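Report on the following structure.
Just so it is clear, the structure is predicted and the values come from calculations on it, not from any experiment. Letters go in sequence order (proteins before strands), and every chain restarts at 1.
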Amino acid sequence: MNINLTLIGQIIAFAVFVAFCMKFVWPPLTNAMAERAKKIADGLDAANRAERDLELAQQKAGEKLRESKVKAAEIIEQANKRANQIIDEAKEAAREEGARLAAAAQAEIEQEVNRAKEGLRQQVSALAVAGASKILAKSVDQSVHNELLDQLANEL
Amino acid sequence: MATDATGYIKHHLTNLTYGELPAGYERLDENGKVVEELTEATWTLAHSGQEAVDMGFWAFNVDSLAWSIGLAIVLMFIFGRAAKKATTGVPTGMQNFVEVIIGFIDNTVKETFHGKNPIVAPLALTVFTWVFMMNLMDLIPVDIIPKLFELSWVAAGGDAHQAYMKIVPSTDPNITAGLAISVFALMIFYGIKVKGIGGFMAELTLHPFNVKNPVVQALFIPVNFALEVLGLIAKPISLALRLFGNMYAGEMIFILIALMFSTGMALGLFAGVLQWAWAVFHILVITLQAFIFMMLTIVYLGMAHEDH
């Protein structure tokens, strides 16, 4: 328990140890720790921001969805309208076509009737001429009386 | 085991000392017989406590210095490695451990020390960890390392009685005083640096008695000076002696408990319990003493930086 040179030795060792800590230990470690703290703070910040962004995006998505629903309904309505229109148009066209066909058929029928009437008239006139010629025989000049006979046929 | 209790205790409390013995010095063996007379001044290892005393100031306590510096090297190695590998990512293993200590000390320094001085925090780190490690040696059962040392000493051809080995550096007043004097030097240095030589002297002479009247003040100056210098000197002395006293007493009790082991089965068992209990209690003491030493270092340096 004597005070001796150990004291000086300890002072020197202490100085060296403190200098070592001051130069090589304290600054890098505290810097690393401060930097890590900053990094963590930044990370938390970023997480907060991301959460906010997510919320915003969700809101936007919801809005878009609502908008598109409205648009879809509109489009469907339009399509329905158009379909009705097309159907109406088709009905109209069909009706018109039917009428046209009916008219054409009517006309043809009438034509047929007329033609049949004409045929009949000619045959009757021929018959009448034949009958008359048979009756009149040679006394009647066919060419002179043809006009008269035609008149008669027309009156029939 | 030493021959008797007194010898055992004495053996445990003697440092391995290397120093200079004067010419004409008579070296004695353990029975008090003169073994040899030195013809000239010689640097040698002390063979007894008396020789260590007779070496005076020019001697080294080899064991204290070796353990103290050895522990410092271990700490520097751990710290240096942690600092070299320091990353801003997730800290692992040793780095984590060192960072916990540094964080703790950084907090303590920030709370206590309000000046700006880059030396204070590393100084506190050094003081705390080093003192703690030196104190921690107290928890190694008192006989293990000295006995191993004695065996290797004898194997190397030495006398078992001269194989002194004190493994707790903080039970050596030289070590604690070395730390305290260093802190004291820093206090004076920064006191003068921050306040100037005038401010420093004013602090020593104008307190605690301070009056407006210059004549009366002049009368008070010597009184103030005496009181303040006493207070200033008391700081390093109390710092050194507090640590030394606590650790010395703690080690003394360990030695006394260890003495009981050789006195029979029942007392030996009792001593085992005592040893365990005292060691557990001592965990508190060594940590507390390391913390107090660090805290007072910070506080004293803080006072040196405070301008009134």
_Salt bridge A:E74-A:K71, side-chain N to carboxylate O under 4.0 Å_ = no
*Does any donor atom in the side chain of B:D63 or B:Y164 lie under 3.5 Å from an acceptor atom in the other side chain?*
no
*Count the heavy-atom pairs under 4.5 Å between each of B:V90, B:I119, B:T176, B:I181 and chain A, then report the option with the highest count.*
B:I119
*Most heavy-atom pairs under 4.5 angstrom with chain A, which of B:G19, B:G49, B:S64, B:A52?*
B:A52
*Is it the backbone or the side chain of B:V98 that comes under 4.5 Å from a heavy atom of chain A, or both, or neither?*
side chain
*Looking only at side chains, do A:E118 and A:N114 share a donor and an acceptor under 3.5 Å apart?*
no
*Against chain A, work out which of B:G89, B:G103, B:P169, B:G56 has the most heavy-atom pairs shorter than 4.5 Å and name it.*
B:G89
*Select one option (side chain, backbone, both, neither) describing which atoms of B:I69 are under 4.5 Å from chain A's heavy atoms.*
side chain
_Exercise: do B:S68 and A:Q10 side chains pair donor with acceptor under 3.5 Å_ = yes
_Donor-acceptor side-chain pairing of B:D172 and B:N174 below 3.5 angstrom_ = yes
*Is it the backbone or the side chain of A:F14 that comes under 4.5 Å from a heavy atom of chain B, or both, or neither?*
both
*Pair B:K110 + B:D106, salt bridge at N-O below 4.0 Å*: yes
*Side chain, backbone, both or neither: which part of B:I102 has a heavy atom under 4.5 Å from chain A?*
both
_Any donor-acceptor N/O pair, B:N15 side chain to B:T17 backbone, under 3.5 Å_ = no
_Heavy-atom cut-off 4.5 Å, strictly under: side chain, backbone, both or neither for B:L179 against chain A?_
both
*Identify which of A:A15, A:G9, A:C21 forms the greatest number of heavy-atom pairs closer than 4.5 Å to chain B.*
A:C21
_Interface moiety of A:I40 toward chain B, non-hydrogen atoms closer than 4.5 Å_ = neither
*is_close_aromatic(B:F128, B:F104), centroid dist under 6.0 Å*: yes
*asked:* Counting only non-hydrogen atoms closer than 4.5 Å, does B:T14 touch chain A with its backbone (N, CA, C, O), its side chain (CB onward), both, or neither?
replied: neither
*chain B: which of A:M33, A:E35, A:K39, A:K23 shares the most heavy-atom pairs with it under 4.5 Å?*
A:M33
